[in-house]
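Reviewing the structure listed below.
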Amino acid sequence: MARDVLLLERDGALRLLTLPGAAGTEVETAQPRVVARADLPGVVAELEAAPDGVRWVWDSTFRHHPPLVAAGVRVSRCWDLRLTRAILRGSTVVPADVRAREWPETDPAWDEWDGDLGSAAAISPLEDRGATLFDTAEGTDPGPASGDVARPPRRDVVAEHARQTRALAAVTDPERHHRLRLLLAAESSGALAAVELRHDGLPFARAEHEATLTRLLGPRPRAGVRPATLERLAGEIRAILDAPRLNPDSQPHLLRELRRNGLDVSSTAKWELQGNDHPVVAVLLEYKGLARLASANGWHWMDTWVREDRFRSDYVPSGVVTGRWSSRGGGALSLPNVIRSAVVADPGWSLVIVDAAQLEPRILAAMAGDSALLAAGARGDLYQGLVDAGAVDTRAHAKVGMLGALYGSTSGTSGMLVPRLARAYPRALGLVDGAARTGESGGVVTTWLGRSSPPASAAWREAQGAASGVGAGAAEESRARSRAREWGRFTRNFVVQGTAAEWALSWMAGVRQSLRRLSADDGAPHLAFFLHDELVVHTPDALAPQVVVAVERAAVQASALLFPHLRPPRPADGGEPRPLVPLDVVVARTYAESADADAEADADGGPDGEVGALVVEAAGTVVGLEPSDAAGT
DNA sequence: GTCGCCCGCGCC
DNA sequence: AAAAGGCGCGGGCGAC
């Protein structure tokens with residue numbers, strides 16, 4: 001087992017404390033090794049080369065990994081105490097008294113661990129933050145005024161490591177202990193990947209993007225001027241609405257003019273406009289779509305976030321309470337479909353684009369041990385599986401019904417379908433219903449691996465208490481009930497979204513480790529993008545087949561790590577067992593060639609036909625997951 | 001002038 | 001088909 005090496009910073013000096021034995025050994029017996037900051041990459045590289053490797057224990061990956069990566073050194077494993085602390089102190093898997101003792105609410109150290117060291121990037125988007133953090137840690141540069149980065153660290157790594165070790169030891173149930181350790185490892189590995197994703201960036205062809213912008217918006221205008229296409233559409237809108245001075249970007253003004261023209265709308269939202277039979281609707285929707293492109297991903301966006309044919313953004317592990325990542329800068333996690341054709345592999349390189357199909361319902365099925373739902377997903381398309389099983393009549397209904405079950409929909413077609421699913425899959429639906437009830441009554445829910453939801457706020461609890469007291473008004477009561485159901489929808493979704501995020505992190509960790517062992521004469525493959533349940537790897541052409549094998553194996557491994565008790569599910573009509581989470585894998589030149597199975601299925605008979613532009617082109621290769629691949633290791 | 005809110009929409 | 005879970009971001013606009 002890899003030994004733990006604690007990285008300590010005191011008064012600007014670095015010390016390495018190698019624990020003599022297995023994780024958790026008392027540190028007092030160890031002798032610290034003082035390392036000059038400039039020597040750190042070399043020392044790290046040397047320790048990484050040790051037979052069993054090491055696990056770096058540090059206060060934050062975002063402090064220490066960027067300078068190492070900039071120096072060409074990438075660590076294999078770490079324990080990111082800031083991220084794991086946030087999980088452990090909230091996890092109901094750790095006995096409450098232990099958490100209260102280790103991390104008292106009044107602990108003055110709390111603030112020191114609370115900051116987000118990734119925040120500097122938002123201020124200087126295209127700088128390589130490696131050097132900046134380096135200087136900041138030395139105290140030579142106060143850096144941007146973004147909390148942690150400006151403040152010298154006072155985090156006691158030794159004490160925190162001991163606290164977390166004790167908290168883990170207090171989880172005596174072996175299964176829960178194992179899962180929690182897995183979560184901490186996956187979270188920490190994700191932090192390493194996040195830093196590397198930022199450094200490596202997503203291959204992005206400026207010329208291709210410019211061509212798209214020019215085609216859709218017209219030539220680049222001077223700053224502050226509407227692109228030609230938008231100006232033309234704005235003119236049409238003004239003419240149709242008989243409002244010569246209308247600025248279509250002004251929602252209040254636009255809403256007034258729409259209502260004056262007889263449209264019964266209460267907002268300018270797209271879904272509301274669509275319900276109106278009026279000549280302005282089509283023009284306005286086109287305007288809104290293109291205006292969105294111009295402002296969110298236009299020329300200014302490209303100048304800000306794309307340099308040397310790489311799009312770089314900050315990724316923020318656990319930026320979402322459920323454990324999903326968020327991003328900062330450039331809207332990385334909402335990179336729209338229309339510009340994905342500009343994501344282009346370097347010459348001689350390919351993109352391996354991988355999507356974990358219908359991840360959330362599959363994860364729910366596994367958590368709940370719902371063998372009927374597992375079987376429904378075992379033939380590939382889970383939504384079609386619901387139809388084949390007779391639970392619902394169409395694939396579209398299966399999809400909205402399942403989303404309704406995961407999100408807590410109560411009305412409309414979606415809400416109407418949920419009871420049908422509940423009859424067909426009582427265990428799965430029972431799990432999310434239970435999570436909703438827990439939230440409605442003010443309780444905390446926890447993911448499969450042990451990440452707990454935040455407790456309801458004091459204001460929420462107060463409102464619930466007041467509404468149930470004597471003399472509570474009807475309005476007060478109804479408002480409280482509504483807020484209770486809101487929180488129930490949050491906790492309902494939390495357990496599924498959070499566990500899916502855990503699966504995805506474990507998957508990515510496996511992929512990352514595999515990629516580290518691959519390289520060719522012309523370079524090594526690297527993660528280029530991570531989008532909740534989707535990965536893009538940028539790889540030399542020659543290694544693409546090996547990357548495909550790696551992502552498939554990692555998916556099977558992730559399922560085995562989270563759900564070791566589950567046998568690979570079999571279709572209801574017999575046949576070979578299939579992976580719990582099948583992958584859609586495409587080897588392509590551009591991201592636009594990704595195979596969005598859902599979009600394709602929708603395009604078959606639905607109004608989303610324009611998405612058909614995304615179907616795999618001849619240049620792309622769709623790789624099916626054959627049952628034999630599931631054997632993995 | 002700057003700040004923060006709201007709205008709307010992109011992604012999962 | 002309908003407006004339910006999680007985000008980041010930009011424009012408009014009112015408060016300061």
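We name chains A, B, ... by the order of the sequence lines, and we start the count at 1 in each one. The structure displayed is predicted, hence computed values, not measured ones.
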Practice item. Begin from the C-alpha positions of A:D393 and A:R420 and carry the test salt bridge (charged side-chain N to carboxylate O under 4.0 Å, His left out) through to its verdict. Key: CA-CA 10 Å; A:D393 55 349; A:R420 297 181 62 91; over 6 Å; no

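- Whole-Å rounding puts the A:Y315 OH to B:dC12 C1' distance at 14 Å.
- The side chain of A:Q274 lies closest to C:dA3, out of C:dA3, B:dC11, C:dG5.
- Residue A:N247 is classed as a sugar-phosphate contact, given heavy-atom separations below 4.0 Å to backbone atoms only.
- Look at A:R238 and A:E257 and you find no salt bridge, because none of the NZ, NE, NH1 or NH2 atoms lies under 4.0 Å from a carboxylate O.
- Electrostatic pairing of A:E208 and A:R589 does not count as a salt bridge here, judged by no charged N lying under 4.0 Å from a carboxylate O.
- For the side-chain contact (heavy atoms from CB on, under 4.5 Å) test with A:L527, the passing option among A:V537, A:L202, A:D200 is A:V537; the others fail.
- The side chain of A:P336 lies closest to B:dC11, out of B:dG8, B:dC11, C:dC13.
- Across all strands shown, A:R340 has heavy atoms under 4.0 Å from sugar-phosphate atoms exclusively, and none from any base.
- Between A:T413 and C:dA2 there is a side-chain polar atom (N or O) within less than 4.0 angstrom of OP1 or OP2.
- What separates CG of A:D303 from P of C:dG10 is a distance of 14 Å, to the nearest Å.
- At a threshold of 4.0 angstrom between heavy atoms, the contacts of A:V400 include nucleobase atoms, whether or not backbone atoms are also involved.
- By the salt bridge (charged side-chain N to carboxylate O under 4.0 Å, His left out) test, A:R481 pairs with A:E477, sequence neighbours left out.
- Residues that satisfy the ring pair (Phe, Tyr, Trp, His ring centres under 6.0 Å) test with A:Y407, not counting sequence neighbours, are absent from this structure.
- Residue A:G415 is classed as having no contact, given no heavy-atom separation below 4.0 Å to the nucleic acid.
- For A:S409, the side-chain atoms get nearest to C:dA4 when compared with the rest of C:dA4, C:dG6, C:dG8.
- The base of C:dA2 is not paired with the side chain of A:S414 by any donor and acceptor separated by under 3.5 Å.
- Between A:Y407 and C:dG5, a base-stacking contact is recorded: ring centres under 5.5 Å apart, planes less than 30° from parallel.
- Ring geometry for A:W325 versus A:Y315: interplanar angle of 30 to 60°, hence tilted.
- End-to-end axis angle for the helix from B:dG1-C:dC16 to B:dC12-C:dG5, using five pairs per end and rounding to 10°, comes out at 0°.
- Out of B:dC11, C:dG5, C:dC7, the shortest distance to the side chain of A:R324 is found at C:dG5.
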Verify ring-ring contact (aromatic ring centres under 6.0 Å, His included) between A:F563 and A:W448, making sure each step is shown before the conclusion.
CA-CA 9 Å; A:F563 307 106; A:W448 185 253; 5.1 Å; yes

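- Separation of the A:F204 and A:W301 ring centroids falls under the 6.0 Å cut-off.
- DNA chain C is contacted by both A:G408 and A:S250; A:G408 maps to the nucleotide lying nearer its 5′ end (nearest heavy atom per residue).
- Looking at heavy-atom distances under 4.0 Å, A:L406 makes no contact with the nucleic acid at all.
- Separating the NZ atom of A:K270 from the P atom of B:dG8 is a distance of 13 Å, rounded to the nearest angstrom.
- Backbone-only engagement by A:G331 is indicated by non-hydrogen atom pairs under 4.0 Å involving sugar-phosphate atoms exclusively.
- Within the nucleic acid shown, A:T410 has no heavy atom closer than 4.0 Å to any nucleic acid atom.
- In the set C:dG11, C:dG6, B:dC9, C:dG6 carries the atom at the smallest distance from any side-chain atom of A:V321.
- For the pair A:L202 CG and B:dC11 C1', the computed distance is 14 Å after rounding to whole Å.
- Side-chain nitrogen and oxygen atoms of A:K288 include none within less than 4.0 Å of the OP1 or OP2 phosphate oxygen of B:dG8.
- Residue A:R292 places a side-chain atom within donor-acceptor reach of the base of B:dC9, judged by atom type and a 3.5 Å distance cut-off alone.
- For A:V320, the listed nucleotide lying nearest its side chain is C:dG6; candidates were B:dC9, B:dC11, C:dG6.
- At least one side-chain nitrogen or oxygen of A:S411 sits closer than 4.0 Å to the OP1 or OP2 atom of C:dA3.
- Out of C:dC7, B:dC11, C:dG12, the shortest distance to the side chain of A:S326 is found at C:dC7.
- A:L403 comes within contact range of no nucleotide atom at all, as no heavy-atom separation falls under 4.0 Å.
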